[in-house]
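To start, the structure itself, in structure tokens.
Everything numeric in this text was worked out from a predicted model, so none of it was measured.
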Amino acid sequence: MAINKSVKLNLLENSQSFLVEAVDKAIGAEDEVRHWQFAILNLVQSLELSLKLILKNIHHLFIYENIDNPKNTVSVTKTIERLSNPKIGNISFTENEKKGMKSAIKLRNQITHSEFELSVDHAQAQFFKVFSLIATVQRRHFDIQVEDILSVEAIESLVVIEKSKKILISNALQRVEDEGIEDHLLWTCPNCLSDTFVVHDEIDTCYVCTYTESVKQCPHCQELCFEEELESIHNSLDIDYCEGQAIIYNSYGYDDLMACSECATRIAQEIEERRAHEEMDEQEYYHWLSEAYK
Ligand SMILES: [Zn+2]
Ligand SMILES: [Zn+2]
């Protein structure tokens, strides 16, 4: 008789144990960024497993990349796609949830694949965002409360960490009020994710975590945005590379190559359409030529 040596993985238990591990790392982390790093990794893993379980509960084949050949399980991004698909999961994640999941996955990939700088403030803010997402998923889809998974002590410690952040935020908002800064001049800080990044008077600093980043005007729509968010549109132009130098054949009238992401998308589309038109004109011209010389 063949002995089945494989352990049947229980996705729910697995996702919960990653959550416990993540919280454990976070509680002991304090200002140690390396601990926060592992807290985030465990947390995103827990989120991924929770999402896969919802998919599996709809049909066990849905967690496979290829349902005709169920070998590899789907990526987390594909999982979210399938869950959002009205014909499969039909879950309408809010914009906030979608954004939260996307940035958490991006952060996990950065931690595991590339060289980058993680700040404690950023890790902490991301941690609480993903944590509340997991809590929502567990409650909504499995009818499980956070207190069923975590110990009372663990929850209390988390509350303490979050409270200290709240004090910093309320202090910052008081300063904003004292300085008479209007709401529209407060942006979400890319570092600590609280809405306390002041763009007033070129201050360009977060009043909670002191993160600074230059804010620039997009040359095409004149909207303000973080300098890091401006992207180059050079890939949309007719360009050739020769001995390490880029030669632009046609810039389609765009002299300033930096654009905000909305303008970059719009410009890329516009150039694409103009190219298609020019190609059509050319074809018509050759057609006319061949007709004329018949
Ligand atoms: Zn900040
Ligand atoms: Zn723009």
Side-chain angles (χ1 to χ4, degrees), residues 19 22-44 46-47 94-112 114-136 154-216 224-230 260-261:
L19 182 67
V23 170
D24 202 46
K25 285 273 178 300
I27 290 169
E30 291 185 9
D31 278 346
E32 191 61 62
V33 83
R34 270 178 310 133
H35 292 308
W36 278 110
Q37 190 172 308
F38 287 109
I40 297 274
L41 288 182
N42 282 308
L43 198 63
V44 177
S46 170
L47 176 70
T94 65
E95 271 313 306
N96 237 344
E97 287 171 339
K98 272 189 237 164
K99 256 169 81 184
M101 291 191 281
K102 216 174 136 190
S103 68
I105 294 162
K106 189 176 158 201
L107 183 60
R108 192 252 308 259
N109 293 345
Q110 283 174 324
I111 291 174
T112 45
S114 59
E115 241 178 73
F116 89 115
E117 212 178 305
L118 178 68
S119 80
V120 171
D121 289 317
H122 187 64
Q124 219 180 68
Q126 286 279 12
F127 182 90
F128 281 105
K129 266 203 157 168
V130 182
F131 180 84
S132 88
L133 255 171
I134 296 175
T136 310
I155 294 175
E156 274 171 5
S157 308
L158 281 186
V159 172
V160 171
I161 301 174
E162 229 206 338
K163 253 192 194 151
S164 60
K165 170 98 189 277
K166 280 209 177 108
I167 292 169
L168 289 176
I169 293 175
S170 76
N171 183 47
L173 290 176
Q174 189 57 53
R175 184 176 162 198
V176 163
E177 202 185 313
D178 292 348
E179 293 178 11
I181 296 163
E182 291 170 40
D183 276 359
H184 70 278
L185 299 169
L186 288 179
W187 290 7
T188 302
C189 168
N191 186 42
C192 74
L193 310 179
S194 51
D195 298 322
T196 46
F197 189 93
V198 178
V199 291
H200 174 65
D201 266 354
E202 291 176 16
I203 292 173
D204 300 349
T205 303
C206 172
Y207 278 5
V208 167
C209 70
T210 71
Y211 175 83
T212 60
E213 190 178 322
S214 320
V215 170
K216 289 259 149 53
L224 289 175
C225 66
F226 285 119
E227 191 173 16
E228 277 218 345
E229 283 171 359
L230 287 175
C260 72
S261 74

Is [X] reaching over with its side chain to a backbone N or O of [Y], donor-acceptor style, under 3.5 angstrom?
X	Y	answer
Thr136	Ser132	yes
Trp36	Glu30	yes
Lys25	Leu43	no
Asn171	Ile167	no

When rounded to the nearest 0.5 angstrom, what is the spacing between [atom1] in [X] and [atom2] in [Y]?
X	Y	atom1	atom2	value
Arg34	Ile111	CZ	CD1	13.5 Å
Leu173	Glu177	CG	CD	8.5 Å
Glu117	Gln110	CD	CD	11.5 Å
Ile40	His122	CD1	NE2	7.5 Å
Ile169	Glu162	CD1	CD	8.5 Å
Lys99	Lys129	NZ	NZ	6.5 Å

Please name the pair of heavy atoms, one in [X] and one in [Y], separated by the smallest distance, quoted to 0.1 Å.
X	Y	result
Gly28	His35	O-CD2, 4.3 Å
Cys260	Cys225	CB-SG, 4.1 Å
Val208	Leu168	CG2-O, 3.9 Å
Val23	Ala154	CG1-CB, 4.0 Å
Cys209	Asn191	SG-ND2, 3.3 Å
Leu158	Phe128	O-CZ, 3.8 Å

Could you check if a side-chain atom of [X] sits within less than 4.5 angstrom of a side-chain atom of [Y], using non-hydrogen atoms only?
X	Y	answer
Phe197	Leu186	no
Thr196	Val176	no
Leu224	Trp187	yes
Asp121	Tyr211	no
Leu41	Thr112	yes
Val120	Val33	yes
Leu185	Val199	yes
Glu213	Asp204	no

Plane angle bin for Phe127 and Phe131 - parallel if under 30°, tilted between 30 and 60°, otherwise perpendicular: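 Aromatic pair Phe131/Phe127 classed parallel.
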Glu95 bridged to Lys98 by N-O distance under 4.0 Å: yes
Arg175 bridged to Glu179 by N-O distance under 4.0 Å: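 A salt bridge is present here (some side-chain N lies under 4.0 Å from a carboxylate O).
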Residue Asp183 excluded, over 12 heavy atoms near CG under 6.0 Å: no
Phe38, CZ atom: more than 12 neighbouring heavy atoms under 6.0 Å: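 Open.
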